[in-house]
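Quick notes on the structure that follows.
Keep in mind it's a predicted model, so treat the numbers as computed, not measured. Just so you know, these numbers use all the heavy atoms, side chains as well, and skip hydrogens, waters and symmetry mates.
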2 protein chains.
Amino acid sequence: MGTASELIMYDYPTLLREHHLKATPQRTAILQVMAHEGHISIEMIYEKIKGLFPSLSLATIYKNMIAMQEQGIVKELKIAGFKNRYEIQKQPHHHMVCQKCGSIVDVEFDVAQALEGVSKSHGFELKQIDLSISGICDKCR
Amino acid sequence: MGTASELIMYDYPTLLREHHLKATPQRTAILQVMAHEGHISIEMIYEKIKGLFPSLSLATIYKNMIAMQEQGIVKELKIAGFKNRYEIQKQPHHHMVCQKCGSIVDVEFDVAQALEGVSKSHGFELKQIDLSISGICDKCR
DNA sequence: TTAGTCAAGGAGAAAAATTATCCTTTACTT
DNA sequence: AAGTAAAGGATAATTTTTCTCCTTGACTAA
Ligand SMILES: [Mn+2]
Ligand SMILES: [Mn+2]
Ligand SMILES: [Zn+2]
Ligand SMILES: [Zn+2]
């Protein structure tokens, strides 16, 4: 059995309420699909759960992604060559993207480490590194 | 005076022909604007050069960005929170993005170095690190 | 429990972004 | 200078995202 702290990660209604969002069935389903599929697009989320909610609107998913991003529950991933993907926010980590199949694997490592080592350990042929750091520039502070 | 190798970077007609693209005035203007503005959006390119070509079509810019990306002349940047930007392909480097004003500064450093040091030297308040590496996954090879 | 209230959902329009079509123009080749 | 294939322009069509307006329902607190 898992501990309470492990299980609480999957109690999405509570997670939503803690972020001042109502725990609707649609929202909970979106989070469950994200938890199950990992890094997923808007369209894929829609396809996965419209069976459960025959009247589901695409706008509902867009609106929820914005709301949940604002609350830090989900994160938007802009990947070169692919449509935006979304994932449930967790520990800071990076991604390894296959340019062919689009699969995305989480990789956890300190940026100070060598990236070649990380990719090599996954049997991954490293072709491109995209890194951008963001914050507030000198002029804007 | 610069050397030939420095100047050749600005001979866009030649650069285009080397990549099997015709050196049209529109294309040359797009590259000149990109060289001048740095990291620029489609819309901004359009605004900057439509004065020179009264009949310029937005589709022309889109088509050219795709063609020039395929040839490795330009690179598309997907930045969290902003519209896509484009830049002329040069040495591999990373970016420092201001979440407030959207300014983008090139930063050249080995990923193995500490990122905090880089941002600090720019007076930049580091808030987020986005890094993704791409290539071909083990399964796809 | 049961109302009341405000957030959220659904339907559809609208807006924004991107791509496609089709014909004309033009850069490059010979 | 002529021929050809690529590129541009105009426009339509898609695709993606956002908005409006009304209805529904989750949460609150009696
Ligand atoms: Mn991830
Ligand atoms: Mn750059
Ligand atoms: Zn793959
Ligand atoms: Zn700034």
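Look at CD on B:E70: it is 14 Å from C1' on D:dA7, rounded to the nearest Å. Rounded to a whole Å, the CE atom of B:M65 is 11 Å from the P atom of C:dT18. Distance, B:K78 NZ to D:dT16 C1': 12 Å, rounded to whole Å. As a whole-Å value, the separation of B:N84 CG from D:dT15 C1' is 15 Å. Remark: P of C:dT18 and OH of B:Y62 are 4 Å apart, rounded to the nearest angstrom. In this entry the distance linking CD of B:E47 with P of C:dA17 reads 12 Å, nearest Å. Atom P of nucleotide D:dA7 and atom CG of B:L21 are separated by 6 Å, given to the nearest angstrom. Atom C1' of nucleotide D:dA7 and atom CD1 of B:I30 are separated by 11 Å, given to the nearest angstrom.
Considering only side-chain N and O atoms, B:K22 lies nowhere under 4.0 angstrom from the phosphate OP1 or OP2 of C:dT26. At the phosphate of C:dG9, OP1 or OP2 sits under 4.0 Å from a side-chain N or O atom of A:N64. Side-chain nitrogen and oxygen atoms of B:T24 include at least one within less than 4.0 Å of the OP1 or OP2 phosphate oxygen of D:dG8. OP1 or OP2 of C:dG9 has not a single side-chain nitrogen or oxygen of A:K63 nearer than 4.0 Å.
In terms of position on DNA chain C, the residue among A:R27 and B:P13 whose nearest nucleotide sits closer to the 5' end is A:R27. Remark on DNA chain D: of its neighbouring residues B:S55 and B:H20, the 5'-side contact belongs to B:H20, judged by nearest-heavy-atom nucleotide. Closest-nucleotide positions on DNA chain D for A:Q26 and B:S57 were compared, and the one nearer the 5' end corresponds to B:S57.
For A:E37 and A:K48, the salt-bridge test passes: some basic side-chain N is under 4.0 Å from an acidic carboxylate O.
B:I42 comes within 4.0 angstrom of no nucleic acid atom, judged by non-hydrogen atoms across all strands. Nucleic acid contact for B:P25: sugar-phosphate only, since backbone atoms but no base atoms lie under 4.0 Å from a heavy atom of the residue. Here A:A23 lies in heavy-atom contact (under 4.0 Å) with sugar-phosphate atoms only.
Atom NE2 of residue B:H19 and atom CD of residue B:Q89 lie 9.0 Å apart, to the nearest 0.5 angstrom.
Of the candidate nucleotides D:dG9, C:dG10, D:dT17, D:dG9 has the atom nearest to the side chain of B:L56.
Using a 4.5 Å heavy-atom threshold, the side chains of A:P13 and A:D11 count as touching. At a threshold of 4.5 Å between non-hydrogen side-chain atoms, the residues B:I49 and B:L56 count as touching. For the pair B:K78 and A:I79, the minimum side-chain heavy-atom distance is 4.5 Å or more.
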